[in-house]
Visitor: 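Dropping a structure here in structure tokens format, bear with me for questions.
Just so we're clear, the structure is a prediction, and the values are computed from it rather than from any experiment.
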Amino acid sequence: MADAAEIPVAGVTLAADCAGALYWPEEQLLVISDLHLEKGSSFARRGVLLPPYDTASTLERLAGALSRYMVRTVVALGDSFHDQDGPARLAAADRAKLKELQRGRDWVWIAGNHDPEPADHLGGVFATSLSLWPLWFRHEPTPQASPGEIAGHLHPVARVIGRGRALTRRCFVSDGARLVMPAFGAYAGGLNIRHAAFVEVFGALAFTAHLLGRRRLYILNIIATPKT
């Protein structure tokens, strides 16, 4: 728990990990979002060459997060693969690593816009959303949803300028009632939290961002004019 910060959501205290995972201690449940596995190989098919190590790197970071907690259930909040054919392109070593991480745990794949259909031979179960009162897990956040929603999809990042330098970090975003997860994938991009999309989710640009650092999370309270 040393690398985590407490974030309350709908009366539940969750631990936000520096890797970008969220842990619910009472349920021994770990939440991750937007892994975008096989993004490198997806780009390669279109002639854009990226180092083909994003899946291995992402799974290694996930293994680190799992090692820090007692995890009985893993919930992946959609866009776990960058496209529908991603599972078929998994290298044998990466597929074996995923099976190792699943061993002894329940694993729930939530459908995303990049991977809307279940994949064969991937392990775990598939769902469009998951409700564990008082929390509700889904891929795409609902505008001004009821308290308890935890979603991904938006890939929130915050840009901080100080001492003549600009720093952009992935972050958790929450107003205490709802939470948007950072993207977990090595090659996943990001959307600035001042974007109007976050106003649609929270009803106003008034929330707390927990920025991911190497050893801790940094709190940034947001009350600002949105970007369009």
Side-chain angles (χ1 to χ4, degrees), residues 17 19-24 27-67 69 71-132 135-142 149-156 170 180-191:
D17 188 88
L22 192 68
Y23 182 62
W24 187 356
E27 296 293 332
Q28 296 184 345
L29 182 145
L30 190 82
V31 188
I32 48 177
S33 186
D34 297 276
L35 301 176
H36 284 270
L37 301 176
E38 294 302 309
K39 183 173 182 176
S41 64
S42 179
F43 273 51
R45 297 172 77 185
R46 304 198 299 269
V48 180
L49 299 182
L50 296 172
Y53 310 118
D54 57 303
T55 295
S57 175
T58 300
L59 292 178
E60 191 61 34
R61 286 175 49 245
L62 178 53
L66 286 168
S67 72
Y69 306 96
V71 179
R72 182 178 59 191
T73 304
V74 174
V75 179
L77 294 183
D79 286 359
S80 299
F81 287 85
H82 191 67
D83 59 47
Q84 194 62 44
D85 297 327
R89 298 197 305 276
L90 274 175
D94 294 333
R95 189 177 296 275
K97 182 66 173 180
L98 179 57
K99 293 294 185 183
E100 176 188 332
L101 299 180
Q102 292 176 329
R103 189 173 300 118
R105 300 183 174 103
D106 295 325
W107 199 285
V108 183
W109 301 100
I110 301 296
N113 54 294
H114 282 255
D115 52 2
E117 300 296 332
D120 294 330
H121 312 298
L122 197 59
V125 297
F126 295 83
T128 56
S129 64
L130 175 67
S131 178
L132 294 174
L135 302 183
W136 175 34
F137 303 91
R138 66 193 311 272
H139 174 62
E140 192 166 350
T142 306
E149 182 185 78
I150 294 178
H153 182 63
L154 292 180
H155 299 204
R170 300 182 188 190
V180 177
M181 296 280 296
F184 198 89
Y187 283 174
L191 182 66

Visitor: Do Gln102 side-chain atoms and Trp107 backbone N/O form a donor-acceptor pair below 3.5 Å?
Guide: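 Between the backbone of Trp107 and the side chain of Gln102 there is no qualifying donor-acceptor contact (under 3.5 Å).
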
Visitor: Of all residues at least two apart in sequence or in a different chain, which pass the side chain to side chain contact (heavy atoms under 4.5 Å, CB included) check with Ala76?
Guide: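 Residues passing side chain to side chain contact (heavy atoms under 4.5 Å, CB included) with Ala76: Ile32, Ser80, Trp109.
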
Visitor: Which atom names give the shortest non-hydrogen contact between Ala186 and Ser57, and what distance separates them?
Guide: CB-OG, 4.1 Å

Visitor: Answer yes or no: does atom CD of Glu27 have more than 12 heavy-atom neighbours from other residues, nucleotides or ligands under 6.0 Å?
Guide: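 Yes - once you tally the heavy atoms of other residues, nucleotides and ligands closer than 6.0 Å, there are more than 12.
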
Visitor: Should Leu62 and Leu30 be marked as a side chain to side chain contact (heavy atoms under 4.5 Å, CB included) after you check the CA-CA gap, both sets of side-chain angles, and the distance that decides it?
Guide: CA-CA 10 Å; Leu62 178 53; Leu30 190 82; 4.1 Å; yes

Visitor: Quick check: do Trp24 and Ile150 have side-chain heavy atoms less than 4.5 Å from each other?
Guide: no

Visitor: So does Pro87 get a backbone contact from the side chain of Arg95, meaning a donor-acceptor N/O pair under 3.5 Å?
Guide: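 Answer holds: yes.
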
Visitor: Rounded to the nearest 0.5 Å, what's the gap from CG on Leu59 to CG on Leu35? Could you check?
Guide: 7.5 Å

Visitor: Report yes if the side chains of His114 and Lys39 come closer than 4.5 Å at any heavy-atom pair, otherwise no.
Guide: no

Visitor: What closest approach, in Å, do Ala65 and Ala21 show between heavy atoms, and which atom pair accounts for it?
Guide: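 Heavy-atom minimum between the residues: CB-CB, 4.3 Å.
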
Visitor: Roughly how far, to the nearest 0.5 Å, is CG of Leu37 from CG of Asp94?
Guide: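 Nearest 0.5 Å value for the CG-CG distance: 8.5 Å.
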
Visitor: First locate atom OG1 of Thr55, then atom OH of Tyr187, and finally report the distance between them rounded to the nearest 0.5 Å.
Guide: 9.0 Å

Visitor: Could you check whether any side-chain N or O of Gln84 sits under 3.5 Å from a backbone N or O of Glu117, counting only pairs where one atom can act as donor and the other as acceptor?
Guide: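 Judged by distance alone, yes, a pair lies under 3.5 Å.
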
Visitor: For the pair His139 and His153, name the ring-plane relationship: parallel under 30°, tilted 30 to 60°, perpendicular over 60°.
Guide: perpendicular

Visitor: Strictly distance-based, threshold 3.5 Å: is any side-chain N or O of Arg105 a donor or acceptor partner for the main-chain N or O of Val71?
Guide: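 Side chain of Arg105 to backbone of Val71, a donor-acceptor pair under 3.5 Å: yes, one is there.
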
Visitor: Measuring from Ser33:OG to Leu154:CG, what's the distance to the nearest 0.5 Å?
Guide: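 Ser33 OG to Leu154 CG: 9.5 Å, rounded to 0.5 Å.
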
Visitor: Atom OG1 in Thr58, atom CD in Glu38: separation rounded to 0.5 Å?
Guide: 9.5 Å

Visitor: Please answer whether the main-chain N or O of Gly189 pairs with a side-chain N or O of His155 as donor and acceptor at a distance below 3.5 Å.
Guide: yes

Visitor: Mark yes or no for whether Ser67, through its side chain, and Gly64, through its backbone, hold a donor-acceptor pair below 3.5 Å.
Guide: yes

Visitor: Rounded to the nearest 0.5 Å, what separates atom OG1 in Thr73 from atom CD in Gln28?
Guide: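 It comes to 8.0 Å.
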
Visitor: Walk me through it: do Leu122 and Leu90 pass the test side chain to side chain contact (heavy atoms under 4.5 Å, CB included)?
Guide: CA-CA 10 Å; Leu122 197 59; Leu90 274 175; 4.1 Å; yes

Visitor: Is a donor on one side and an acceptor on the other found under 3.5 Å between the side chain of Arg170 and the backbone of Ala188?
Guide: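 Yes: the side chain of Arg170 pairs with the backbone of Ala188.
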
Visitor: Start with the C-alpha gap between Phe137 and Val108, add the side-chain angles, then the distance that decides, and say whether side chain to side chain contact (heavy atoms under 4.5 Å, CB included) holds.
Guide: CA-CA 10 Å; Phe137 303 91; Val108 183; over 6 Å; no

Visitor: Please give me the minimum heavy-atom distance between Pro141 and Glu149, naming the atom from each residue.
Guide: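 Scanning both residues, the minimum pair turns out to be CA-OE1, 3.5 Å.
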
Visitor: What I'd like to find out is whether the side chain of Asn113 reaches to under 4.5 Å of the side chain of Asp79, using heavy atoms alone.
Guide: yes

Visitor: Would Arg61 and Phe184 count as a side chain to side chain contact (heavy atoms under 4.5 Å, CB included) if you check the C-alpha gap in whole Å, the side-chain angles of each, and the deciding distance to 0.1 Å?
Guide: CA-CA 9 Å; Arg61 286 175 49 245; Phe184 198 89; 3.8 Å; yes

